Amino acid sequence: MRNPVASASGQKYLSTVKAQRLAPRFLCTVSANSEASGSTEDGVPSERGSFARAFNKYTGQESFAKLLRDSSLIRMGDPEKKLVEGVIYHIVEDDLYIDFGGKFQCVCLRPLNNGEVYTLGKKVRLLLHDMELSTRFLGAATDLTILEADATLLGLLGDRRSGSK
Amino acid sequence: MSIPAIKLKAKLKPEEQQVVFPERKPTENIVPVRELVAGDETLQNPDYFQVHELFTVKDLFDARVHLGHKIGSMDPHMKPFIFGTRFDTVIFDLDKTAFHLRQALNFAAHIAYRKGVILFVTRSAATMNLVERTALEVGEYAHTKDYDTKILTNSTTFFQGLTRLPDLIILLSTLDTVLAQHKIVADAAKMLIPTIGIVDSNCVPNQVTYPVPGNDDTPCAVELYCKLIKEAIMRGKNRRKLNDSQQSKAVETKE
C-alpha cells in the first residue's frame, strides 16, 4: 500500500489504493436489491458535505449528475457562436480534421493565407455553429446525419491576429 | 355441385420407415441445472471476474460515452437509457450505462472462460482498424467488412463444411450505415447467438442480448470499450488457463 501523498499545501490525501478498497461495495450492483430500491445503479452515496464531495472527486466516485453539471458541455450552453479550442488530428491534403471535445469532429478547409502552419497536433480556435449536422429532410421518417460538427476555423491558438486575448 | 374427393397419400408402413429412433430412458445423461450450478465455482458469485473494478463512471464520462446524437434521430426504444437532452443533443444516463456495461463484461468474461468463440463486429470506418486489432490481441475473431447473411444462417453451404458458429458476437456499432441496422443483429438472434452491442441514441436495442447504451461514434469512446472488453476476456481466459494447469497437476500427482 502506498504512503499517503502530501501536497504542496501540506494537506494529506488518501492514496488511491486505499480508496479503491472502500470502492467495491459502491460499485457492485448485480444484486436485485439495488435495482429495486431505486437508487442510482452505482450506489454512490449522495454526500452534501464539502469534504465528502472533494473525496469523491479525487477517488473518481462522483455521480454522473454531478459530473455532467460541472462539465464544459453544460457550462457552454448553446453551441452556436461559441469559441472553442480544437486539435488537428488528421489531414487529407487541404482538409483539416479537428477534434474539439464533442461527439464529432469538424472538418475545415486549410486557409489560403499562411496555410502551411496547420500541421498535425496543432491547437486551433474554432467558432462553433453546430455539434452535429443532422436535419430532417422532407418525407423522411428520421433525421439524416453526416456524423460531423460544423465550425469555422479562426486560426491557431495563441495567434494574436485571430483575435484571441 | 359435388366436391371431388381428396385422395390421401399412403402412409409409410413401419418396416418401410428409414429412420429408427433408439429407445432412450428419460433420465439418462441429464444432470439437474441446480447441481451443475452448485458444482461450478465461477457461478457462485454474481461478479466472479470482478469486472466492476475495470472502470468508473468518470472513466466513461471522460471518454465521452454520454454523448448521443440529436433528438431528431433518437429511437423511442432508447428512451429508458437517456438522462435528457441538452440543446437537442441526447445525453445518456451513465449510471444505467455502467450497469449494462458490467453485465456485458461479466458475460464476455464467462464466455471466454468456457473457451467460447467471440466475434467482434463493426462497420464504422473510423474504428474498424482498432476493433480488428483488439480481436487479434485477445486471440478471437473480427468481421468489419461487408456482411453476408449466409455466413450465419447458411454456414454449412457457405463454408462448404460443418461450421462452428461464434458463441458471442460483440458489436462496437449496431448500425451498418446511418440508416440501416447491421443484419448480423437479427441473424444472431435467429441462430441463438448472444450479442453484446453498443447502442447509440439512433440505434434499436431490442434484438441485442446485452445492450450497452452509449456513444459509438467517437474514437475515444470505442477505444475505452475495446480496452474494457479485452481486459474482461483476458480475465476469463487466464482463469481458464489457471484451472486447466491446476487440474493437470492434480492428475499428475495422482499418477
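Protein chains get the first letters and strands the later ones, always in sequence-line order, with residue 1 at the start of each. All values reported here derive from a predicted model rather than from experimental measurement.
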Q: Between B/Lys183 and B/Asp148, does any NZ, NE, NH1 or NH2 come within less than 4.0 Å of an OD or OE carboxylate oxygen?
A: no
Q: Got a salt bridge between B/Glu223 and B/Lys227, using NZ or NE/NH1/NH2 to carboxylate O under 4.0 Å?
A: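 Salt bridge absent between B/Glu223 and B/Lys227.
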Q: Give a yes or no on whether a salt bridge exists between B/Asp217 and A/Lys103, defined as a side-chain N under 4.0 angstrom from a carboxylate O.
A: yes
Q: For chain B, which candidate among A/Asp143, A/Thr142, A/Leu147, A/Thr145 shows the most heavy-atom pairs at distances under 4.5 Å?
A: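 Looking at each of A/Asp143, A/Thr142, A/Leu147, A/Thr145 in turn, A/Asp143 comes out on top.
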Q: Can you tell me which residue pairs pass the side-chain hydrogen bond (donor to acceptor under 3.5 Å, both in side chains) test with a partner in residues 67-86 of chain A, sequence neighbours excluded?
A: A/Lys66-A/Asp70
Q: Check whether B/Asp200 gets within reach of chain A through its side chain, its backbone, both or neither, counting any heavy atom under 4.5 Å.
A: side chain
Q: Heavy-atom distance under 4.5 Å to chain B: side chain of A/Leu144, backbone, both or neither?
A: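 Side chain of A/Leu144 only, per the 4.5 Å heavy-atom cut-off to chain B.
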Q: Which atoms of B/Ile91 come close to chain A, meaning under 4.5 Å heavy atom to heavy atom: side chain ones, backbone ones, both, or neither?
A: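 For B/Ile91, the side chain is the part near chain A, not the backbone.
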Q: Could you check if a side-chain atom of B/Leu105 sits within less than 4.5 angstrom of a side-chain atom of B/Ile229, using non-hydrogen atoms only?
A: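 SC-SC contact between B/Leu105 and B/Ile229 confirmed.
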Q: Counting only heavy atoms closer than 4.5 Å, note whether B/Asp59 contacts chain A via side chain, backbone, both or neither.
A: neither
Q: With only heavy atoms counted, which part of B/Leu179 is less than 4.5 Å from chain A, the side chain, the backbone, both or neither?
A: side chain
Q: Answer yes when B/Asp187 and B/Lys190 have at least one side-chain N-carboxylate O distance shorter than 4.0 Å, and no when they do not.
A: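 Counted as a salt bridge, because a side-chain N and a carboxylate O are separated by less than 4.0 Å.
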Q: With a 4.5 angstrom heavy-atom cut-off, which part of B/His66 approaches chain A: side chain, backbone, both or neither?
A: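 Side chain only.
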Q: If we define contacts as heavy-atom pairs under 4.5 Å, which of A/Ser134, A/Ala65, A/Gly101, A/Ala141 has the most with chain B?
A: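 Greatest number of close heavy-atom pairs with chain B: A/Gly101.
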Q: Using a 4.5 angstrom heavy-atom cutoff, name the option from B/Leu67, B/Leu60, B/Asp75 with the most pairs to chain A.
A: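 Option with the top pair count is B/Leu67.
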Q: Considering only NZ, NE, NH1 and NH2 on the basic side and carboxylate oxygens on the acidic side, decide whether B/Lys70 and B/Asp88 come within less than 4.0 Å.
A: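 Salt bridge between B/Lys70 and B/Asp88, a charged N being under 4.0 Å from a carboxylate O: no.
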